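There's a structure below that I have some questions on.
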There are 2 protein chains.
Amino acid sequence: MAILQHETETKILDAAEKVFFNKGMSGARMQEIADKAKINKSLLHYYYRSKEKLFRAVFKSAFKKFAPKTIMILVENIPLFEKIEKFSSSYIDIFIKHPSIPLFVIYELNRNPKGIVNIIVDAIGTMEKNPVQGFKKSVYDEIKKGTIIEIDPRQLFVNMLSMCIFPIAGRVMIETIGFDRNKEEYNKFLKERKTEVSKFIINSIKK
Amino acid sequence: MAILQHETETKILDAAEKVFFNKGMSGARMQEIADKAKINKSLLHYYYRSKEKLFRAVFKSAFKKFAPKTIMILVENIPLFEKIEKFSSSYIDIFIKHPSIPLFVIYELNRNPKGIVNIIVDAIGTMEKNPVQGFKKSVYDEIKKGTIIEIDPRQLFVNMLSMCIFPIAGRVMIETIGFDRNKEEYNKFLKERKTEVSKFIINSIKK
DNA sequence: GTCTATAATGTGATAGAC
DNA sequence: GTCTATCACATTATAGAC
């Protein structure tokens, strides 16, 4: 039945996501994915011929969860401060909902840059027009207007990106060195960052 | 001979570092480590009984490359602005020299928090007195003096940490989305951050 | 200390029945 | 589509000669 087939496919992808997110490509085991999906290991191969192909499906799905919105905000034609507020808030919000994605993407991109870029291109069509250019343009506009200090837009962008992603990707590390291992406390801390990050940035660059 | 033994042990650890840093615990292969060290695979087991033990040695060595100095700066009794400048500059500098360490530590800590914390405790003696407290104290002192705005010291600390570590741990990702894949250009960009980060932070919090 | 050979197990993938 | 059984190979680890 078409519906059952679709259900199984979804069950597999959900299970595969959990395992790949936690263990990475090299640490993931097809058996564990099958167990989590409550199906036979052979069925994995029936639906996704190989571990590699299943991984690609998982990565692609993960990437689509945050990339389109992110890119849109970066190229949007709005004032810089608004762009920073919107980006930080949305970005942190998405990753509060999908906390395993940032480290997964960063790590796998390191492991095999070329292979992963192929998946990304497959996911969003093309990598040609760089969305970061949209952010740089906003920065130059404000510098010209004299509303912000002179700053290298690359530094500013990386600052913003770092403060949005790292507290999520490096959560276990941060909890280990500086916070009580209290899940709720850290979640509250992350929610506060949705406004804290943009305030911190704008404070620093506004004239 | 004692010297030869020491040499072999070092050769193994150097090779193991390269492989574990790049492939992680689960992706690393004992054969590859042996090949890189130009010795027989059995010798690995002669010197470090198991893959697990070799990994622990590598992690411990990696951790010692940055943790002692970092902790020292955080608890040092110096004014906040100086502490921020010193921390950012030293931290980024260390990781320019050892660029694979941050992602390695973050990833392996995620994979197996309890196991890794044991290694850390083994490396620095204890985790009891939290070095981040030293930073928080400096922040509260300045707030009381009225030299900086009122800010949650945890947010400030995580901002600083993020801007220091993420550009290194997430380098491949950042290069992929926003920079030309030019090694020298990015290295220059990182060196600039040694002063940019503290300027950015102090700009944001000073009254 | 260093090597060769091999054991023991884990793992991705396939064949074939139903 | 889903299962059982099994292959083929990779990988950690050990035994034993030198």
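Worth saying up front: this structure is predicted, and the values here are computed from it rather than measured. By convention in this document, chain letters (A, B, ...) are assigned in the order of the sequence lines, proteins followed by strands, and residues within each chain are numbered from 1.
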Check your understanding: Given atom CD1 of A/Ile33 and atom C1' of C/dA13, what is their separation to the nearest angstrom?
Key ->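 The distance from CD1 of A/Ile33 to C1' of C/dA13 comes to 14 Å, rounded to the nearest Å.
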Point to revise | A/Ser42 side-chain N/O to C/dA13 phosphate OP1/OP2 under 4.0 Å | key: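 Answer no for this pair, as no side-chain N or O of A/Ser42 is under 4.0 Å from OP1 or OP2.
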Check your understanding: Which part of the nucleic acid, if any, lies within reach of A/Ala34 when heavy atoms closer than 4.0 Å are counted: base, sugar-phosphate only, or nothing?
Key ->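 It contacts nothing in the nucleic acid.
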Practice item. Quick one: sort the A/Phe66 and A/Phe63 rings into parallel, tilted or perpendicular, breaks at 30° and 60°. Key: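 Answer is perpendicular, since the angle exceeds 60°.
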Practice item. Please determine if B/Arg111 forms a cation-pi arrangement with B/Phe55, meaning its NZ or CZ atom is less than 6.0 Å from the six-membered ring centre and no more than 45° off the ring axis. Key: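 Flagged: B/Arg111 positioned over aromatic ring of B/Phe55.
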Review point. Counting just side-chain N and O atoms, does A/Tyr46 come under 4.0 Å of either OP1 or OP2 of C/dT14?
Key: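 It does not, given that no N or O in the side chain of A/Tyr46 lies less than 4.0 Å from OP1 or OP2 of C/dT14.
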Practice item. Starting at atom CG of B/Leu44, determine the distance to atom C1' of C/dC3, rounded to an integer number of angstrom. Key: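 These atoms are roughly 13 Å apart.
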Practice item. Verify the contact: side-chain N or O of A/Arg29 to OP1 or OP2 of C/dG12, cut-off strictly under 4.0 Å; return yes or no. Key: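 It does, given that an N or O in the side chain of A/Arg29 lies less than 4.0 Å from OP1 or OP2 of C/dG12.
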Practice item. Would you confirm whether the ring centroid of B/Phe59 sits within less than 6.0 angstrom of the ring centroid of B/Phe104? Key: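 Yes, the ring centres sit under 6.0 Å apart.
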Practice item. Select one nucleotide: of D/dA13, D/dC3, C/dC3, the one nearest the side-chain heavy atoms of B/Leu43. Key: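 Among D/dA13, D/dC3, C/dC3, the one nearest the side chain of B/Leu43 is C/dC3.
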Check your understanding: How close or far is atom P of C/dA17 from atom CG of A/Asn40, stated in whole angstroms?
Key ->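 Taking atom P of C/dA17 as the reference, CG of A/Asn40 is at 17 Å.
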Check your understanding: Does A/His45 have a side-chain nitrogen or oxygen under 4.0 Å from the phosphate oxygens OP1 or OP2 of C/dA13?
Key ->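 For C/dA13, OP1/OP2 do have a side-chain N/O of A/His45 under 4.0 Å.
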Practice item. Please figure out whether B/Lys38 or A/Ser26 has its closest DNA chain C nucleotide nearer the 5' end. Key: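 In this pair, the answer is B/Lys38.
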Review point. Please give, in whole Å, the distance from D/dT14 P to B/Tyr47 OH?
Key: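 Rounding to the nearest Å, OH of B/Tyr47 and P of D/dT14 are 17 Å apart.
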Check your understanding: From the list C/dA13, D/dT12, C/dG1, which nucleotide is the closest neighbour of the side chain of B/Lys51?
Key ->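 Selected nucleotide (nearest to the side chain): D/dT12.
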Review point. Nearest-Å distance, CD1 (A/Ile12) to P (C/dG12)?
Key: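 My rounded result for the distance is 15 Å.
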Review point. Going by an N to O cut-off under 4.0 Å, is there a salt bridge joining B/Lys23 and B/Glu32?
Key: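 Looking at B/Glu32 together with B/Lys23, the answer is yes, because their closest N to O distance falls below 4.0 Å.
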Review point. A/Met30 CE to D/dC7 C1': how many Å, rounded?
Key: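 Computing the A/Met30:CE to D/dC7:C1' distance gives 16 Å.
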Check your understanding: To the nearest angstrom, how far is A/Lys41 atom NZ from D/dC3 atom P?
Key ->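 One finds 13 Å between P of D/dC3 and NZ of A/Lys41, rounded.
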Exercise for review: Please state how far atom CD in A/Gln31 lies from atom P in C/dG10, giving the value in whole angstrom units.
Suggested key: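 Distance check: A/Gln31 CD to C/dG10 P gives 12 Å.
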**Study point:** Side-chain H-bond candidate by donor/acceptor type, B/Asp35 with B/Gln31, under 3.5 Å
**Key:**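 There is such a pair between these side chains.
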